[in-house]
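So the structure is just underneath, and the comments pick up after that.
The structure presented is a predicted model; accordingly, all values stated were derived computationally and were not measured. Proteins get letters first, then strands, A, B, ... in listed order; numbering begins at 1 in each.
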Amino acid sequence: MDKDLKRTIILDNYQNPNNKKISGTDYIKINTRNVSCIDNLDIYLKINNGIIEDASFEGEACVISISSTNILINLLIGKTKDEGIYIIDNYLKMINEEDYDKEVLRELMVFDDTSKQPSRIKCATLSADGIKNFLENKENHS
Amino acid sequence: MNRDDFKLLSNNIVYFDNGATTMKPKCVRDAIIKYYDEYTANAHRGDYKISNIVDSLYEGTREKVRNFINAKENSEIVFTSGTTNSMNMIVFGFFKNYLKKDDEVLITLSEHASNIIPWFILQKEIGIKVKYIELNNNYEVEINRIKDTITNKTKVISLAHITNVIGDERPIKEISKFAHENNILVVLDAAQSAPHIKIDVQDLDVDFMVFSGHKMYGPTGIGILYGKFELLDKIVPLNYGGGMNAMFTKDGYVELREIPTRLEGGTPNIEGVLGLGEAISYIESIGIDKINKYEKDLRRYLIDELSKLDFIEIYNKNNDSTITSFNIKGVFAQDTAIFLDKYNICVRAGSHCAKILDNVFNISNTVRISLSFYNTKEEIDLLINVLKNSKNIWKEIL
């Protein structure tokens with residue numbers, strides 16, 4: 001993908017994040033506060049019958065963190081938990097420079113060269129790690 | 001000034017994160033290498049020449065520290081691993097026994113984590129109460145607010161001398177006088193002041209004081225705990241073992257040594273002590289008053305220049321310290337730091353270990369510039385020029 005296009009997509013999702021809002025009490029809240037950087041986002045998930053029906057986020061974080069969270073949420077809404085985990089796993093593989101399934105990542109591909117900036121890896125994986133932990137923990141599921 | 005003494009500065013790096021740690025002058029490095037090359041030995045142990053050299057340098061550093069902060073006795077100076085270690089020794093070695101349930105400790109929301117969390121833990125352990133002195137509109141401590149906050153249960157006031165986000169210097173002498181009139185002890189966190197202003201513990205009349213070597217041109221892993229003799233003598237050691245015992249027998253009888261040795265159990269950080277001693281000599285060779293004047297002038301220049309940029313918000317214009325906290329309006333602090341790093345300008349982004357300050361600050365993350373005497377107006381000019389181009393920030397960091 002062209003660098004300018006990538007930048008435009010990242011910035012658009014940072015400056016106008018369509019999923020940035022506090023959601024109601026029927027949502028599960030996951031805090032992603034990261035000890036090694038200063039990003040601090042709350043993610044809201046609504047899961048019914050194994051489907052991620054809706055999601056949003058709120059908080060303060062850097063451009064990479066907010067933008068990746070917003071794009072990831074766009075991809076997760078409407079997916080099953082397993083599909084969600086599959087997307088996140090492949091996203092994390094991409095960030096960590098392993099082989100991954102490009103087909104499912106769509107706009108998340110804008111972060112495909114994040115590994116070149118080691119200080120940004122934590123920012124790019126903050127929400128993905130938090131959501132993955134939640135989805136994989138069987139006790140959390142309705 | 002003195003830039004040639006710092007090897008890393010010749011690497012085209014603009015280092016503005018001196019509140020986190022400072023660069024080390026070559027003489028400090030040389031002192032450490034000399035210990036390993038010429039007289040590696042344990043302290044307080046041997047009857048041979050190189051051990052005696054180490055002993056005399058080790059205790060000589062204690063004398064240098066005593067003189068640096070004008071303590072009365074060398075025995076009031078304890079070597080620790082740093083400010084955090086010193087604070088924990090004070091809170092859990094002294095105050096855990098001194099304080100009773102419901103006794104109150106006064107701190108502020110702008111303290112460093114090491115002057116907050118130990119008190120929180122003690123609160124859980126023995127039921128003391130941690131209370132906050134309200135800050136004024138400039139985020140400063142005023143003696144009148146302390147007067148309003150104390151009760152007959154208040155037993156300790158524990159404050160930073162200079163805070164690490166705002167950079168305000170507290171009126172410690174005045175606070176100590178008032179505290180002592182009310183039977184309150186004063187603990188001073190001098191981590192951010194020791195490298196920049198003259199400290200006289202007798203004049204300030206504080207009961208305990210802590211600071212770190214690595215923020216004042218010394219090595220990491222070495223710090224100081226100062227206490228008035230009669231109080232320091234009551235600290236219960238947290239480390240028992242070698243070096244700190246006078247004798248012990250097989251039936252469990254243990255006799256401990258005098259202070260400060262009693263509080264330095266185990267083989268100490270000898271290279272750290274010797275490096276710190278050299279750092280103090282280095283600071284004194286320049287002169288702390290000269291350092292202070294230079295840094296104040298430089299900070300004023302930085303504030304004047306930053307103030308000309310209407311897209312910059314400065315949070316602490318009104319003080320004299322080396323610390324400046326700001327943001328580019330609409331840009332997250334970490335993104336600004338990464339942008340500046342593209343130009344080899346090192347700044348800190350974050351809450352700077354003062355994570356509860358956002359309660360008064362209304363903003364939790366800032367970019368922090370903390371200056372040293374080796375910074376220059378030319379470096380500030382470079383910073384300002386880079387900031388002027390910050391409309392390109394996304395192009396540069398994405």
Side-chain angles (χ1 to χ4, degrees), chain A residues 1-17 20 22 31-42 57-72 94-95 107-127, chain B residues 13 17 19-20 84 112-114 116-117 164-165 311 313 315 325-369 389-398:
Chain A
M1 200 185 298
D2 167 65
K3 204 166 165 56
D4 284 338
L5 179 60
K6 277 187 195 172
R7 189 184 302 124
T8 306
I9 294 172
I10 293 173
L11 263 186
D12 188 44
N13 280 278
Y14 172 63
Q15 289 167 336
N16 310 297
K20 190 165 188 275
I22 295 175
N31 183 271
T32 62
R33 183 180 286 243
N34 186 324
V35 287
S36 63
C37 78
I38 58 180
D39 299 330
N40 183 18
L41 296 179
D42 288 327
F57 74 98
E58 189 49 74
E60 227 190 309
C62 72
V63 59
I64 298 291
S65 191
I66 292 208
S67 180
S68 62
T69 302
N70 197 60
I71 295 174
L72 178 62
M94 176 183 80
I95 300 287
E107 271 198 335
L108 281 175
M109 293 294 295
V110 297
F111 301 105
D112 67 351
D113 54 5
T114 301
S115 55
K116 288 179 194 146
Q117 285 180 283
S119 63
R120 289 299 216 185
I121 289 177
K122 286 243 161 56
C123 314
T125 55
L126 179 75
S127 296
Chain B
I13 194 173
D17 196 15
T84 300
H112 186 279
S114 61
I116 298 174
I117 297 176
N164 76 322
V165 182
F311 54 89
E313 186 157 9
Y315 300 102
S325 288
F326 71 96
N327 272 321
I328 300 177
K329 289 176 188 167
V331 179
F332 191 60
Q334 191 188 6
D335 292 325
T336 303
I338 285 170
F339 170 64
L340 294 176
D341 182 49
K342 297 262 167 195
Y343 296 87
N344 283 334
I345 300 174
C346 311
V347 298
R348 178 87 183 270
S351 56
H352 319 297
C353 296
K355 291 188 179 182
I356 55 177
L357 184 61
D358 56 353
N359 289 286
V360 281
F361 224 34
N362 279 332
I363 183 136
S364 45
N365 294 299
T366 64
V367 180
R368 182 184 72 179
I369 288 177
N389 287 320
S390 62
K391 51 184 175 299
N392 295 326
I393 183 166
W394 306 121
K395 211 165 193 171
E396 302 229 8
I397 69 170
L398 290 176

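When all heavy atoms are compared, the tightest approach of A/Lys3 to B/Leu398 is NZ-O, 3.5 Å. Across all their heavy atoms, A/Val63 and B/Ile397 have their closest contact at CG1-CD1, 4.2 Å. The shortest non-hydrogen separation linking B/Trp394 to A/Tyr14 is CH2-CE2, 3.5 Å.
Comparing A/Arg7, A/Gln117, A/Gln15 by how many heavy-atom pairs each has under 4.5 Å with chain B, the most go to A/Arg7.
Of the two parts of B/Ile338, only the side chain, counted from C-beta on, holds a non-hydrogen atom closer than 4.5 Å to a non-hydrogen atom of chain A.
The environment of NZ in B/Lys329 is crowded: more than 12 heavy-atom neighbours from other residues, nucleotides or ligands sit within 6.0 Å.
Between B/Gln334 and A/Cys123 the shortest side-chain heavy-atom distance falls below 4.5 Å.
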